[in-house]
Number of protein chains: 2
Amino acid sequence: MKKIINTTDQILDQMVDGIALANQEIVERLPETNVIKQKDISQQVALVSGGGSGHEPAHAGFVGDGMLQAAVCGQVFTSPTSDQVYEAIKAVDQGEGVLLIIKNYSGDIMNFEMAMDLAEMDDIQVGKVIVDDDISVEDSEFTQGKRGVAGTILVHKILGAAARSGKTLDELVTLGEQLVQDVKTIGVALSGATVPEVGKPGFVLEEDELEFGVGIHGEAGYRREKMQSSHDIALEMLEKLKQAFDWQAGDQYGILVNGMGATPLMEQYIFYNDVHQKLSEEGLDLAFSKVGNYMTSLDMAGLSLTLIKLNEDYLAYLNEAVDTAAW
Amino acid sequence: MKKIINTTDQILDQMVDGIALANQEIVERLPETNVIKQKDISQQVALVSGGGSGHEPAHAGFVGDGMLQAAVCGQVFTSPTSDQVYEAIKAVDQGEGVLLIIKNYSGDIMNFEMAMDLAEMDDIQVGKVIVDDDISVEDSEFTQGKRGVAGTILVHKILGAAARSGKTLDELVTLGEQLVQDVKTIGVALSGATVPEVGKPGFVLEEDELEFGVGIHGEAGYRREKMQSSHDIALEMLEKLKQAFDWQAGDQYGILVNGMGATPLMEQYIFYNDVHQKLSEEGLDLAFSKVGNYMTSLDMAGLSLTLIKLNEDYLAYLNEAVDTAAW
């Protein structure tokens with residue numbers, strides 16, 4: 001394992017410092033925590049997300065006006081503890097309440113919900129939205145139900161813009177519960193990610209293999225196959241997404257192609273081109289696109305494809321300007 | 001080699017289509033070329049850059065209001081041909097002239113200068129700025145003098161903002177010639193990049209080795225060593241940069257940490273933290289920072305560190321909002 005780090009026990013602390021220092025016009029580190037917090041929060045419902053580290057720029061790169069007000073960074077691939085989430089909630093609440101956006105992993109659910117209980121004892125109103133966009137497998141190593149993956153970024157963006165526009169906590173929870181039904185993702189891996197503390201890849205694919213449905217922590221997918229073309233990978237993933245959405249010609253959709261960490265943007269754009277061609281043939285109205293590394297899995301090679309069934313509100317929220325490091 | 005592509009001869013064409021389709025509100029593909037062009041160009045000197053592909057998001061991701069008006073995409077690691085550059089110049093000229101921003105590689109210089117001659121025969125005023133920010137080696141496989149690398153992005157941004165503000169072509173050339181003296185970069189590689197047509201890495205580093213000074217096409221660096229900590233890598237690179245700049249306490253600088261493609265953002269932020277600490281100890285005023293994959297080398301692991309000696313103008317230009325996919 002070759003990684004540009006110092007010691008493995010300093011990774012989280014030094015990364016959080018790096019994020020805060022590099023983006024100090026927008027964010028700050030909440031003292032004695034691993035929380036990245038927006039510096040000047042306007043009067044609104046505040047959004048808090050987070051999870052294990054290793055998915056950068058998620059989530060800290062999305063802290064800023066119009067998206068998240070704080071991101072809680074756990075150890076690599078490990079949920080942040082409840083006390084850290086609790087500190088984030090207290091730090092960002094402007095008296096209008098706090099909305100937690102949680103990826104559906106057992107550890108995250110437990111710790112974010114414990115923090116919610118603690119904050120409610122302080123009379124802070126807290127709501128939650130659980131993102132479970134990964135359609136590839138039901139239940140998984142660390143999950144009851146479906147996993148939360150790259151679609152979470154679109155949830156951040158839409159709910160972040162809605163919160164800024166003045167929606168109440170109840171309205172945001174209702175919007176979020178609908179939204180997570182409209183966002184679905186499927187991934188493919190070409191290699192495993194190496195957790196620094198472990199020092200070797202979490203799983204190994206042969207030089208001619210890929211695996212469909214791998215999670216962002218290297219959780220097993222649904223099928224291992226021989227390597228295939230971008231076009232054929234796109235067809236496989238779109239077939240699964242079509243079953244899940246049951247779209248009709250004329251429906252309006254948005255596309256997020258997300259690199260897992262080690263896959264060059266060149267390949268992501270070639271894959272995007274195949275996806276776009278196929279969805280155009282299906283007669284969909286493609287009104288939003290984003291391509292790049294947004295929810296990574298350390299140095300995993302591969303990518304995920306997220307589709308969102310759009311409506312006028314979602315599209316307007318997606319297109320609003322934000323002030324973040326990574327959107 | 002595992003890559004998400006179709007056939008190797010379609011890579012450039014399909015990538016350029018993907019870029020244009022994914023960012024169609026901002027850019028378009030110039031028909032029958034590999035040129036990505038800004039859709040609505042205001043009345044100003046137009047900026048054209050480009051080079052071999054494999055460095056995405058450079059350069060096409062920086063086309064848009066306030067940066068480049070066109071990027072010419074060559075085959076992987078290969079200069080675009082002069083006719084492609086010539087088409088780009090003709091397509092973006094608004095009657096105020098065109099400025100070419102060229103990375104210092106023999107092939108690029110030759111083809112961009114030939115295109116310049118062709119355009120001048122059409123009575124289009126064309127100027128050029130040659131970026132040679134890589135201080136690690138003099139002369140190289142494909143270069144006379146120093147190579148042009150990630151610092152080029154800062155040149156795009158500053159000259160792009162200056163062009164939008166209404167500066168003339170002559171003023172931009174003068175500004176650019178000063179600017180390239182104020183931008184210096186040094187890189188480190190942990191692995192070689194695999195050009196798809198070749199199918200194996202351009203060079204191989206052992207599991208415990210790194211190489212300082214490697215270029216963005218895998219050109220040899222200045223020293224191969226045993227793997228070391230982020231802190232020690234930062235010290236080595238900063239020592240070289242200090243010699244080149246001869247900075248004094250109180251001087252104002254900006255920092256760009258650029259991932260080469262396969263190095264996670266987590267590591268880039270840890271490295272940024274080490275750089276920031278060290279430069280703060282040196283008494284520099286660090287007024288601008290950027291961390292991420294901007295000028296990549298396919299799937300190479302490693303990063304580069306660019307410093308820019310700032311002044312009030314540079315800083316204002318760097319901080320201006322732009323409408324591009326990747327800044």
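Residue numbers begin at 1 in each chain, while the letters A, B, ... track the order of the sequences.
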Toward chain A, the part of [X] with a non-hydrogen atom under 4.5 Å:
X        : value
B:Ile255 : neither
B:Val275 : neither
B:Leu12  : neither
B:Met227 : side chain
B:Ser53  : both
B:Gln10  : neither

To the nearest 0.5 Å, what is the distance between [atom1] ([X]) and [atom2] ([Y])?
X        : Y        : atom1 : atom2 : answer
B:Glu267 : A:Ile5   : CD    : CD1   : 7.0 Å
A:Asp17  : B:Tyr269 : CG    : OH    : 13.0 Å
A:Ile270 : B:Met15  : CD1   : CE    : 7.0 Å

Contact origin within [X] toward chain B - heavy atom pairs under 4.5 Å:
X        : answer
A:His231 : both
A:Gln268 : neither
A:Leu298 : both

With respect to chain A, which residue among B:Asp299, B:Val291, B:Ile19 yields the maximal number of heavy-atom pairs within a distance under 4.5 Å? B:Ile19
Please rank B:Ala193, B:Ala234, B:Ser289 by heavy-atom pairs under 4.5 Å with chain A and give me the top one. B:Ser289
Looking at [Y], is its backbone amide N or carbonyl O close enough to the side chain of [X] to form a donor-acceptor pair, meaning the two atoms are under 3.5 Å apart?
X       : Y        : answer
A:Glu56 : B:Pro264 : no
B:Lys2  : A:Leu190 : yes
A:Gln14 : B:Asn273 : no

Just by distance, with hydrogens left out, do B:Asn6 and A:Asp274 show a side-chain donor and acceptor under 3.5 Å apart? yes
